[in-house]
2 protein chains.
Amino acid sequence: MSAITNAIHEKTSSMNRKEKELADFILEHAREIVHMGITELAERSGASTATISRFCKQLHFSGYAEFKVKLSAELAGEAAAPAYQDIVAGRPLTDIIAAVESNHLRAIGDTARLIDRKALERAVLALRSARQIGVYGMATSGLVAQDFHQKLVRIGRSAHAFTDHHMMLTSASNLTADDAAICISYSGRTAETISALRCARESGAVTISLTKFGSNLLADLADIALFTSPLEEGMRRGDMASRITQLFLVDILFVALISDQFEEYVPRLERSFQMVRKYT
Amino acid sequence: MSAITNAIHEKTSSMNRKEKELADFILEHAREIVHMGITELAERSGASTATISRFCKQLHFSGYAEFKVKLSAELAGEAAAPAYQDIVAGRPLTDIIAAVESNHLRAIGDTARLIDRKALERAVLALRSARQIGVYGMATSGLVAQDFHQKLVRIGRSAHAFTDHHMMLTSASNLTADDAAICISYSGRTAETISALRCARESGAVTISLTKFGSNLLADLADIALFTSPLEEGMRRGDMASRITQLFLVDILFVALISDQFEEYVPRLERSFQMVRKYT
DNA sequence: TGATGGATGTAAATAATTTTCTTGTTACTA
DNA sequence: TAGTAACAAGAAAATTATTTACATCCATCA
């Protein structure tokens with residue numbers, strides 16, 4: 001709890017009926033109040049503008065404007081909300097923002113703590129020495145695959161990303177022992193991605209899986225298994241935090257790869273951006 | 001540097017004399033401004049109240065009051081979060097994980113604080129009532145576009161995502177006044193995406209831009225401008241945090257949309273997952 | 001040099017906030 | 001129980017802040 005909300009809370013006992021109502025409303029809707037005028041707050045809280053103005057002065061602010069600015073600053077320093085939040089009906093926008101924010105933040109934090117440095121290290125080595133890299137995933141994981149592909153292309157690495165099952169297999173069947181395949185599936189149970197990994201493995205390539213943490217077929221089959229935080233099922237509805245954490249891992253892989261061969265890759269990266277700017 | 005001060009800084013080059021003076025004063029005295037009224041700021045900075053009010057609108061704030069509240073939040077959040085880390089050579093894996101993690105966390109936090117609820121509200125309304133939704137973006141922003149498209153398809157909305165310039169225009173030219181277009185570009189200066197927005201606008205559709213915060217052509221042209229935190233240029237090298245924050249906004253839009261019409265969309269969403277499971 | 005357009009300020013209009021004043025309620029006392 | 005003091009709370013007036021419309025000025029270019 002912040003200094004201001006705390007002060008309001010403490011003061012509650014010495015308050016009148018209306019003031020208490022107002023205090024409760026403010027504590028309840030702190031994040032929205034920051035964007036309301038005094039009139040709007042008056043309407044929504046059931047108190048008059050005069051009462052609110054007096055309330056702010058009691059808290060030793062110069063007025064409502066200062067109260068808002070201070071409250072805004074306080075809330076900014078705080079985490080949005082602690083735990084995973086599910087999508088529910090008819091919530092105000094402020095709650096939705098806070099919920100999505102906290103889910104994302106938490107998912108990234110959880111995933112960071114879960115990372116197995118040894119496995120990551122091996123994955124980076126495999127990618128570094130791969131002649132060619134195949135990246136496979138369906139639906140949302142397909143987008144993550146494409147994202148990694150885009151990054152690899154930017155540094156001039158030979159890579160392919162596929163979302164189409166047949167093309168995945170076609171690509172995987174042409175990999176060799178010099179190559180690597182990275183197969184992405186949140187559940188680790190996606191049939192198409194599993195068969196792509198099997199095919200890549202049969203071709204002799206090093207296989208890397210990227211799935212949620214926990215036992216799953218894709219991770220079990222892979223040479224190197226990377227994991228993201230497994231989220232509450234409710235949240236999966238939109239494939240939101242799962243995709244964020246997969247991208248987070250892709251980013252780490254990419255940065256590790258670059259950091260490894262900085263002098264070679266960074267100029268290529270810069271050049272690729274400059275060229276895009278030049279020709280568009 | 002915060003998102004807002006950064007945006008002001010960038011804009012400096014395209015400013016008039018008085019505006020530049022004002023911008024300098026604001027950058028210099030950011031922490032004091034939070035406690036000044038527009039009149040006091042006018043006196044101290046040497047600009048008129050009118051110029052200040054216009055200045056705030058140019059930065060896409062609803063007015064001086066909102067500017068102050070957002071600035072206050074930014075300055076407070078700044079202190080709480082660690083600074084952005086750039087990619088550098090030969091760092092140990094542990095450092096890389098920590099750096100990427102903190103960049104992502106910070107980017108999400110910054111973006112959350114920056115969100116304009118009014119604009120978001122309008123965007124949600126536009127998307128809710130749209131007959132058809134066109135989603136356009138190039139490269140990394142193209143993946144974000146596809147992500148939003150996938151989400152919309154899951155809830156049975158009629159939507160199209162394109163990365164191919166010609167197809168963007170073809171799609172945008174077929175939109176009507178009943179439709180909406182959302183155009184994604186981190187810089188807000190991507191030629192193809194800008195022309196797609198122009199085309200959609202000409203077709204009568206409601207246009208929504210999703211760009212980094214700060215003045216940019218795409219945002220200026222759009223009916224509704226949504227923003228993500230503008231990151232240090234160094235980080236752009238990999239399009240990492242920018243993509244995370246764009247997805248963050250897409251997630252918020254999606255959740256808001258669902259939350260709005262919960263009874264209709266949630267069963268569709270569940271059904272779409274079940275069907276995928278059933279047939280694979 | 002005069003026209004044009006944009007930048008900027010002034011002042012009017014509007015909106016937001018604070019204060020004053022009045023009313024109504026409670027609680028205490030005669 | 002009626003009277004009254006004390007105070008809470010809102011309506012509305014007063015004040016203050018912000019935005020907008022309009023006028024002016026200045027630089028630029030023909």
Side-chain angles (χ1 to χ4, degrees), chain A residues 4 8 11-27 29-30 32-73, chain B residues 4 7-8 10-27 29-30 32-73 116-119 121-122 215-217 220-221 225:
Chain A
I4 294 173
I8 295 174
K11 222 179 152 299
T12 285
S13 51
S14 67
M15 280 178 186
N16 317 313
R17 193 173 47 78
K18 269 283 159 181
E19 272 185 331
K20 212 167 283 182
E21 266 177 57
L22 176 60
D24 287 346
F25 185 90
I26 290 173
L27 292 175
H29 302 89
E32 294 169 67
I33 284 162
V34 167
H35 306 285
M36 290 183 203
I38 199 170
T39 319
E40 192 183 347
L41 176 55
E43 274 166 17
R44 298 241 275 131
S45 71
S48 70
T49 59
T51 303
I52 295 169
S53 180
R54 283 191 284 256
F55 181 86
C56 295
K57 303 229 157 171
Q58 277 186 22
L59 290 167
H60 302 285
F61 293 109
S62 71
Y64 180 67
E66 199 201 337
F67 168 72
K68 248 177 35 172
V69 165
K70 290 273 168 65
L71 186 63
S72 164
Chain B
I4 294 172
I8 294 174
E10 270 190 18
K11 217 177 156 297
T12 285
S13 52
S14 67
M15 280 179 185
N16 315 311
R17 194 173 46 80
K18 269 285 158 184
E19 273 185 330
K20 211 167 284 180
E21 269 177 54
L22 176 59
D24 287 346
F25 185 89
I26 290 173
L27 292 175
H29 302 87
E32 298 166 61
I33 283 161
V34 164
H35 305 288
M36 290 183 204
I38 199 170
T39 319
E40 191 183 348
L41 176 55
E43 277 166 17
R44 298 240 275 134
S45 71
S48 69
T49 59
T51 303
I52 295 170
S53 179
R54 284 190 284 255
F55 181 85
C56 295
K57 301 229 156 162
Q58 276 187 20
L59 290 166
H60 298 279
F61 292 110
S62 69
Y64 180 68
E66 198 201 337
F67 167 73
K68 250 176 35 172
V69 166
K70 289 276 164 63
L71 185 63
S72 165
D116 176 352
R117 268 128 252 253
K118 293 277 172 357
E121 184 89 59
R122 290 196 297 137
S215 197
N216 67 72
L217 187 52
D220 291 345
L221 290 172

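When reading the values below, keep in mind they use all heavy atoms of this one structure, side chains included, and skip hydrogens, waters and symmetry mates. Quick note on labels: first sequence line is chain A, next is B, and so on, each numbered from 1. A quick note: this is a predicted structure, and the numbers were derived from the prediction, not measured.
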Atom-to-atom span, [atom1] of [X] to [atom2] of [N] - whole angstrom:
| X | N | atom1 | atom2 | value |
| --- | --- | --- | --- | --- |
| M36(B) | dT18(D) | CE | P | 12 Å |
| E66(A) | dA16(C) | CD | P | 20 Å |
| E40(B) | dT18(D) | CD | P | 10 Å |
| E19(B) | dG6(C) | CD | P | 14 Å |
| K20(B) | dG6(C) | NZ | P | 18 Å |
| F55(A) | dG10(D) | CZ | P | 14 Å |
| I38(A) | dT15(D) | CD1 | P | 18 Å |
| K68(A) | dA17(D) | NZ | P | 15 Å |

Heavy atoms, side chains only, cut-off 4.5 Å: are [X] and [Y] in contact?
| X | Y | value |
| --- | --- | --- |
| F25(A) | E32(A) | no |
| L59(B) | K11(B) | yes |
| H60(B) | D220(B) | yes |

Determine yes or no for a side-chain-to-main-chain donor-acceptor pair under 3.5 angstrom, with S45(B) supplying the side chain and L41(B) the backbone.
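Indeed, once roles are kept as given, a pair shorter than 3.5 Å links the two residues.
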K68(A) side chain to I38(A) backbone, donor-acceptor under 3.5 Å
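Flag not set: sc K68(A) to bb I38(A) has no pair under 3.5 Å.
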Distances for protein N or O near nucleotides 19-21 of chain C N or O, under 3.5 Å:
from    : atom 1 : to     : atom 2 : distance (Å)
dT19(C) : OP1    : K57(A) : NZ     : 3.4
dT19(C) : OP2    : K57(A) : NZ     : 2.9

Check ion pair K118(B)-E66(B) (N to O, under 4.0 angstrom)
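Result for this pair is no, no salt bridge flagged.
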Checking M15(B) against F55(B) for the side-chain contact (heavy atoms from CB on, under 4.5 Å) test, could you report, in this order, the C-alpha distance in whole Å, the side-chain angles of both residues, the deciding distance, and whether it holds?
CA-CA 10 Å; M15(B) 280 179 185; F55(B) 181 85; 3.5 Å; yes
With 3.5 Å as the limit, what N/O pairs link the protein to nucleotides 23-26 of chain D?
none

Taking all heavy atoms of S72(B) and all of S72(A), pick out the closest pair and write down the distance.
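Heavy atoms only, the tightest pair is OG-OG, 4.1 Å.
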Take I26(A) and F67(A) through the test side-chain contact (heavy atoms from CB on, under 4.5 Å) and record every step on the way to the result.
CA-CA 11 Å; I26(A) 290 173; F67(A) 168 72; 4.0 Å; yes
